[in-house]
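Here is the naming used below: chain letters follow the sequence lines, and residue numbers restart at 1 for every chain.
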2 protein chains.
Amino acid sequence: MTRVRSTVPETHQGIVSPDERLRVTYLLACAPGEDPAAKARDIAFEQTVELPPDCVDEDLAQAVVGRVEDVEVRPDGRWRATLSYDPELVGGEVAQLFNLLFGNISLKSGILVGDVTWPERLLRQFPGPRFGIDGVRAVCGTAERRPLLCAALKPVGLSAAALAAICHQFALGGVDLVKDDHSLADQSTAPFAERVARCQDAVAQANAATGGTTVYVPNFPHGAANATAAVALARAEGRRALLVSPLLVGFDTVRWLAETSGLALLAHPALAGAFLGRDHGIAPEVLLGQLFRLIGADAVIYPNAGGRFTLTEESCEAINAALRSPLGPLRPSFPVPAGGIDAARVPHWIERYGPDTIFLIGGSLYAQGDIARATRRVVDALVAYAD
Amino acid sequence: MTRVRSTVPETHQGIVSPDERLRVTYLLACAPGEDPAAKARDIAFEQTVELPPDCVDEDLAQAVVGRVEDVEVRPDGRWRATLSYDPELVGGEVAQLFNLLFGNISLKSGILVGDVTWPERLLRQFPGPRFGIDGVRAVCGTAERRPLLCAALKPVGLSAAALAAICHQFALGGVDLVKDDHSLADQSTAPFAERVARCQDAVAQANAATGGTTVYVPNFPHGAANATAAVALARAEGRRALLVSPLLVGFDTVRWLAETSGLALLAHPALAGAFLGRDHGIAPEVLLGQLFRLIGADAVIYPNAGGRFTLTEESCEAINAALRSPLGPLRPSFPVPAGGIDAARVPHWIERYGPDTIFLIGGSLYAQGDIARATRRVVDALVAYAD
């Protein structure tokens with residue numbers, strides 16, 4: 001039996017104090033006969049050394065293997081296992097952070113990342129929101145503390161000119177933000193460069209006419225090193241914000257955009273639903289709340305309860321809290337409930353979610369005939385709510 | 001009611017012939033009373049225009065909305081819905097391809113991407129494997145058609161020097177590839193640059209001593225534009241291959257590495273398990289087979305049946321077939337079964353999976369005491385199998 005010997009520098013041998021460790025609470029759904037303590041121990045090894053306990057010597061195990069801090073049964077029959085990890089395992093890399101939390105164990109079953117407690121020194125390694133809630137309000141030229149309205153520019157298949165005409169309508173209606181549908185990538189019907197230029201112009205013209213401050217938010221369709229040109233384009237001519245889908249373009253791309261682009265980032269949850277299983281995956285408030293904020297989203301779109309998607313109102317509230325609550329040095333992010341919010345129901349949701357919210361309203365503004373007027377009606381409701 | 005008018009160029013109005021469309025088969029798990037045909041129609045709108053049918057005029061709907069080609073019940077009670085999309089919707093972007101297949105509907109429930117049929121013109125927009133099965137054999141200096149052996153370098157927490165010493169043992173044992181554990185990112189215990197240099201040296205020394213041709217495969221820990229330096233480092237001094245986790249670093253990062261790095265790409269399935277639900281997600285052979293190959297993986301690691309993860313043997317065979325079968329102009333990729341393959345069981349799996357396979361053996365080589373000798377024993381079995 002080869003025991004892999006520790007060569008971990010002294011600074012990592014047990015001197016990370018308990019409260020400086022990364023604590024992850026997993027909810028375990030155990031099959032009949034499955035031992036929750038063994039399952040927790042298995043996670044501790046799988047997510048770190050990925051070797052059987054016999055192959056790891058004691059010093060190394062002590063320094064590197066996750067520690068099972070606590071395992072207890074919950075009223076719903078699942079088990080709550082709290083593990084802690086040395087934050088040094090993350091190495092300052094966004095990709096490795098996701099890997100440590102759920103990489104290999106995603107391929108097992110009945111494991112949900114339910115909560116994470118972050119040591120301050122780990123939080124300092126990530127950019128977090130560059131703008132945050134106050135910064136996004138400033139970008140939108142909105143001094144007062146009120147909910148913001150975001151409209152969705154669609155559908156894919158329209159020409160850049162046709163999309164720009166719709167943008168113009170939304171801006172005339174005084175919308176705070178108008179974002180590309182996240183399906184608008186670089187299709188030949190409305191190529192990225194042409195679309196961004198035309199929509200920006202349309203919004204600028206409307207703003208000039210009304211004295212408004214609508215911000216156009218193009219969708220960032222790339223994920224890799226050749227994206228620099230797209231960023232330059234998105235930044236040109238006073239553009240201020242960008243839509244990104246972290247699961248589509250990569251977590252580290254979002255981190256990079258937050259650190260370098262100078263643009264406010266609105267994150268879209270495309271593909272994220274795969275992680276939102278009841279018994280296996282990552283809890284919505286951890287994935288769309290804590291993690292999206294950590295990698296730099298200034299605002300996070302999520303499917304609101306009661307719409308055409310599946311989150312509960314409790315989960316939505318938990319996402320809101322995770323985005324807004326104090327988290328080390330990180331700025332708070334705007335929650336952006338979306339997905340079937342009816343314009344007529346906005347007052348209800350304002351009462352529910354409060355002023356630090358961006359409402360993303362899509363189809364229901366299109367369905368009312370006069371886009372500019374429908375938009376204005378909602379904006380008036382939001383302005384009336386201002387503190 | 002505003003009906004969004006079509007401004008789709010004529011080339012996209014219905015002249016895409018049926019067999020040139022992107023066909024996606026979804027398996028639908030319907031709740032009691034849920035209408036499978038309505039669910040299929042909802043997918044067609046959700047994944048394209050993201051607007052209610054009333055808001056989209058007929059020309060645009062015809063050109064852009066997904067078409068429900070067929071809905072039929074299966075023996076297991078689920079419904080099989082075949083939809084087709086204009087491949088122009090993908091716009092040549094990897095991120096948008098994933099979005100079109102499963103972006104928004106990931107946030108619904110009971111929808112599994114079961115199969116995809118690719119139009120040739122869409123396949124031509126993606127790089128696919130740069131090396132493919134023959135190319136990887138050439139990189140490994142293996143002329144004969146036999147299974148290859150890949151070892152995993154671990155655990156995280158060891159110093160670069162300690163990891164290099166293990167690398168040396170594997171190379172002395174004649175392993176074809178030795179890959180970084182995907183948890184080896186850029187931690188201070190073994191920083192990327194130092195680790196890559198030391199491990200490469202150790203393998204080169206062993207190769208010089210034995211006349212062997214072991215290839216060291218560093219893990220690529222980044223996902224974004226500042227990754228160029230890491231690629232340069234990984235390419236230096238005759239390095240030939242790279243480990244990437246598409247879900248961690250981003251799909252488009254893999255595409256970019258395939259197109260530009262000149263390195264053979266070994267893809268790791270970290271986080272991918274979130275997509276592998278029975279009733280909701282993406283079928284393993286589509287995600288780890290077709291899609292990972294499409295974005296440029298020359299070899300794809302997956303959790304083998306009978307190991308410590310949850311895939312069935314049927315799914316493993318389906319992944320193998322998806323990686324190796326003809327797919328337009330794309331080269332075939334190596335399947336890399338892993339995750340608890342016992343060295344003693346290798347002959348069984350050779351018989352089962354055949355010569356176009358890379359076996360990734362981790363813990364069980366460490367557990368046998370003399371790493372070089374344990375490795376040599378498996379390599380001998382693989383060589384004996386050569387055609």
Side-chain angles (χ1 to χ4, degrees), chain A residues 1-2 4 7-8 48-52 55 60 63-64 88 91 93 95-96 98-99 102-104 106-109 154-159 162 181 183 185-189 221-225 227-228 248-250 252-253 256 270-271 273-275 277 281 303 309-310 363 366-367 369 371, chain B residues 1-2 4 7-8 48-52 55 60 63-64 88 91 93 95-96 98-99 102-104 106-109 154-159 162 181 183 185-189 221-225 227-228 248-250 252-253 256 270-271 273-275 277 281 303 309-310 363 366-367 369 371:
Chain A
M1 181 78 57
T2 304
V4 177
T7 55
V8 179
T48 54
V49 293
E50 245 195 276
L51 281 169
C55 292
L60 188 66
V64 173
E88 177 53 35
E93 288 286 344
Q96 168 58 11
F98 281 84
N99 184 45
F102 197 59
N104 268 22
S106 79
L107 297 156
K108 302 204 167 195
S109 64
K154 45 186 161 183
V156 61
L158 291 189
S159 68
D181 183 15
S183 293
D186 199 13
Q187 294 96 346
S188 65
T189 43
H222 309 286
T228 317
L248 294 178
V249 304
D252 197 44
T253 301
W256 168 70
L271 280 194
F275 290 83
F309 299 104
T310 53
Y366 286 85
I371 286 178
Chain B
M1 183 76 59
T2 306
V4 178
T7 54
V8 180
T48 55
V49 292
E50 245 195 275
L51 281 169
C55 292
L60 188 66
V64 173
E88 177 52 37
E93 288 287 344
Q96 168 58 12
F98 281 83
N99 185 45
F102 196 58
N104 268 22
S106 78
L107 297 157
K108 302 206 167 192
S109 65
K154 46 187 160 184
V156 62
L158 292 189
S159 68
D181 184 12
S183 293
D186 199 11
Q187 293 96 345
S188 65
T189 44
H222 309 285
T228 317
L248 294 178
V249 303
D252 198 45
T253 301
W256 167 71
L271 280 195
F275 290 83
F309 300 103
T310 53
Y366 286 84
I371 286 180

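Contact annotation: the side chain of Pro155(A) never approaches that of Val64(B) to less than 4.5 Å [non-hydrogen atoms, C-beta and beyond].
In this structure, the separation between CG on Leu271(A) and CG on Leu248(A) is 4.5 Å, given to the nearest 0.5 Å. Remark: Leu107(A) CG to Phe102(A) CZ distance equals 8.5 Å, nearest 0.5 Å.
The greatest number of non-hydrogen atom pairs below 4.5 Å with chain B, out of Gly273(A), Pro303(A), Ala270(A), is found for Gly273(A). Among Ser183(B), Gly281(B), Ala185(B), Pro52(B), the residue with the largest count of heavy-atom pairs under 4.5 Å with chain A is Ser183(B). Chosen from Thr48(B), Asp186(B), Asn99(B), the residue pairing most often with chain A at heavy-atom distances under 4.5 Å is Asn99(B).
Only the side chain of Asp181(B) comes within contact range of chain A, with at least one heavy atom under 4.5 Å from a heavy atom of that chain.
For Glu88(A) and Thr189(B), the side-chain atoms include no donor-acceptor pair closer than 3.5 Å.
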